[in-house]
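For clarity, every value in this text was computed on a predicted model and none was experimentally measured.
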Amino acid sequence: MSDSLPSFESLVQDLKHPNPNIRDEACVLLAEHWPDQAMPYFFSELEDPDPVVYRTAVKALGTLGPRTLPDLLKLFQSSGNGTVRACCVKAIVQISVNFPNAAFPADILSMLEQALDDSSPVVAQSALMTLGYLSKHDSEKDRVIPLLIQACDRANIAHVQGSAMALAELDSPLVSAFLEKLALDDTKDPLIREVAQSSLERRASLNLK
C-alpha cells in the first residue's frame with residue numbers, strides 16, 4: 001500500500017488478497033477510517049462459504065471491538081448456519097485480543113454458555129476454546145471458571161477434556177476442589193475421572209493451588 005490512504009473500495013478488494021498481511025492491514029485501515037461502512041460489510045462476509053473470506057471477516061470484526069457485540073449476539077441467535085454461529089463465537093476472541101481490557105457484558109457470556117450445547121459440534125468446540133481463552137484474563141476469570149466447571153458435567157468426553165485442560169492452568173482453589181471431587185466420583189465415566197486426574201497432575205506441575 002502507498003503512503004496515501006487507499007479508498008474503501010480498494011481496501012475491500014484487499015480483504016480477498018492471497019497475502020494474509022495485506023488482508024490484515026486492510027482490516028485495520030477499514031476499522032480505523034470507515035468503521036460505520038465496514039461493520040455491515042464484515043458481517044455480510046460471515047455468510048460467505050469461502051473459509052478465507054469468513055475467517056478474514058472474523059478478524060476484521062475483532063478490530064472494530066466491542067461495538068460489534070450487539071450484532072454478534074443477534075446474528076448468533078438468529079442464524080441457522082452453524083459456521084456463521086461459530087464465527088460469532090470466534091469473533092469474541094478476536095475482540096479480546098485487540099481490546100484486552102474490555103469486559104464482556106453478561107449476555108455475551110450467556111451466549112457462550114448457550115453455544116456449549118449447540119447442535120453444531122463446531123460451534124460447541126469454538127465456545128469451549130473461547131471460554132478457555134477468556135479464562136486467562138483476570139477481568140473474566142471469575143465469571144468464566146463456573147462455565148468451564150459446568151462444561152465438565154456434559155456427556156461429551158471431548159468437552160470434558162477441553163474444559164478440564166483449560167481449568168488445569170487456572171490459579172483458583174475452586175478449580176482444585178472441583179477437579180479433586182471429579183477425580184474421585186465413582187458415578188462418573190472412568191475416562192472423565194482420568195481426565196480430572198490428569199488435570200490435577202498438570203496443576204501440580206505448574207505449582208497451582
Side-chain angles (χ1 to χ4, degrees), residues 55 58-59 61-77 85-118 120-185 188 191-209:
R55 287 171 185 161
V58 167
K59 293 189 72 172
L61 288 168
T63 64
L64 286 172
R67 65 182 291 167
T68 66
L69 292 175
D71 287 339
L72 283 171
L73 179 61
K74 188 182 301 183
L75 181 58
F76 175 84
Q77 293 173 335
R85 294 197 303 278
C87 285
C88 292
V89 170
K90 292 175 180 178
I92 304 302
V93 173
Q94 294 299 319
I95 292 170
S96 185
V97 168
N98 287 290
F99 299 85
N101 296 321
F104 291 99
D107 54 5
I108 294 298
L109 272 294
S110 296
M111 181 188 99
L112 296 176
E113 183 178 10
Q114 178 185 346
L116 288 170
D117 293 317
D118 198 275
S120 166
V122 176
V123 177
Q125 187 62 29
S126 297
L128 191 56
M129 293 174 63
T130 299
L131 288 170
Y133 178 84
L134 294 180
S135 70
K136 294 178 171 61
H137 289 227
D138 289 339
S139 61
E140 301 292 353
K141 184 170 69 172
D142 290 342
R143 294 195 296 165
V144 170
I145 284 176
L147 298 181
L148 289 173
I149 286 176
Q150 290 173 27
C152 287
D153 279 335
R154 284 163 168 78
N156 188 316
I157 296 292
H159 283 161
V160 175
Q161 185 174 28
S163 302
M165 287 173 60
L167 289 168
E169 299 187 355
L170 301 179
D171 190 5
S172 167
L174 182 66
V175 170
S176 293
F178 169 74
L179 290 174
E180 287 169 2
K181 181 180 178 181
L182 185 61
L184 296 172
D185 190 344
K188 297 295 185 182
L191 285 175
I192 291 177
R193 294 171 60 193
E194 184 179 330
V195 166
Q197 184 59 45
S198 296
S199 296
L200 285 168
E201 292 169 2
R202 172 64 174 161
R203 292 180 68 74
S205 71
L206 295 172
N207 294 316
L208 296 176
K209 297 180 180 180

Practice task
Could you walk me through whether Ile92 and Leu69 pass the side-chain contact (heavy atoms from CB on, under 4.5 Å) test, one step at a time?
Solution key: CA-CA 8 Å; Ile92 304 302; Leu69 292 175; 3.7 Å; yes
Practice task
Show your reasoning for whether salt bridge (charged side-chain N to carboxylate O under 4.0 Å, His left out) applies to Arg85 and Asp118.
Solution key: CA-CA 9 Å; Arg85 294 197 303 278; Asp118 198 275; 2.8 Å; yes
Practice task
Might you work through the side-chain hydrogen bond (donor to acceptor under 3.5 Å, both in side chains) test for Arg203 and Ser176, ending with a clear yes or no?
Solution key: CA-CA 8 Å; Arg203 292 180 68 74; Ser176 293; 3.1 Å; yes
Handout entry: Stepwise side-chain contact (heavy atoms from CB on, under 4.5 Å) test for Arg202 and Glu169
Key = CA-CA 8 Å; Arg202 172 64 174 161; Glu169 299 187 355; 3.2 Å; yes
Practice task
May I have the step-by-step check of side-chain contact (heavy atoms from CB on, under 4.5 Å) for Leu174 and Ile149, ending in yes or no?
Solution key: CA-CA 9 Å; Leu174 182 66; Ile149 286 176; 4.1 Å; yes
Exercise for the section: In sequence, state the C-alpha distance, the side-chain angles, and the governing distance for Arg154 and Asp117, and then conclude on salt bridge (charged side-chain N to carboxylate O under 4.0 Å, His left out). Expected result: CA-CA 9 Å; Arg154 284 163 168 78; Asp117 293 317; 2.8 Å; yes
Practice task
Apply side-chain contact (heavy atoms from CB on, under 4.5 Å) to the pair Val89 and Leu112, showing each step before the final yes or no.
Solution key: CA-CA 7 Å; Val89 170; Leu112 296 176; 3.8 Å; yes
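Contact check for Pro66 versus Ile95: side-chain heavy atoms found under the 4.5 Å cut-off.
Nearest heavy atoms, Glu140 versus Phe104: OE2-N, 2.8 Å. Contact detail for Ala166 and Gly132: the closest heavy-atom pair is CB-CA, 4.1 Å. Contact detail for Leu116 and Ala151: the closest heavy-atom pair is CD1-CB, 4.3 Å. Between Val195 and Val160, the shortest heavy-atom distance links the atoms CG1-O, 4.1 Å. Residues Leu200 and Leu179 approach most closely at CD2-CB, 3.6 Å, considering heavy atoms. Taking every heavy atom of both residues into account, Ala168 and Leu208 meet most closely at O-CD1, 3.4 Å.
Note that NZ of Lys188 and SG of Cys152 are 9.0 Å apart. Values are rounded to the nearest 0.5 Å. With values rounded to the nearest 0.5 angstrom, Cys88 atom SG is found 10.0 Å from Gln77 atom CD. Distance CD1/Ile108 to CG/Leu73: 5.0 Å, rounded to 0.5 Å. Expressed to the nearest 0.5 Å, how far CZ of Arg143 lies from CG of Leu148 amounts to 13.0 Å. Atom CG of residue Leu109 and atom CG of residue Leu134 lie 7.0 Å apart, to the nearest 0.5 angstrom. One distance of note links OG1 of Thr130 with CD of Gln125; it measures 10.0 Å at 0.5 Å rounding.
A donor-acceptor pair under 3.5 Å links the side-chain atoms of Asn98 to the main chain of Gln94, judged by distance alone. Under a 3.5 Å cut-off, the side chain of Ser126 and the backbone N or O of Val122 do form a donor-acceptor pair. Remark: side-chain polar atoms of Ser96 are not paired, donor with acceptor, to backbone N or O of Val93 under 3.5 angstrom.
The pair Asp107-Lys74 does not count as a salt bridge, with every side-chain nitrogen at least 4.0 angstrom from each carboxylate oxygen.
More than 12 heavy atoms of other residues, nucleotides or ligands lie within 6.0 Å of CD in Gln150, so this atom counts as buried by the packing criterion.
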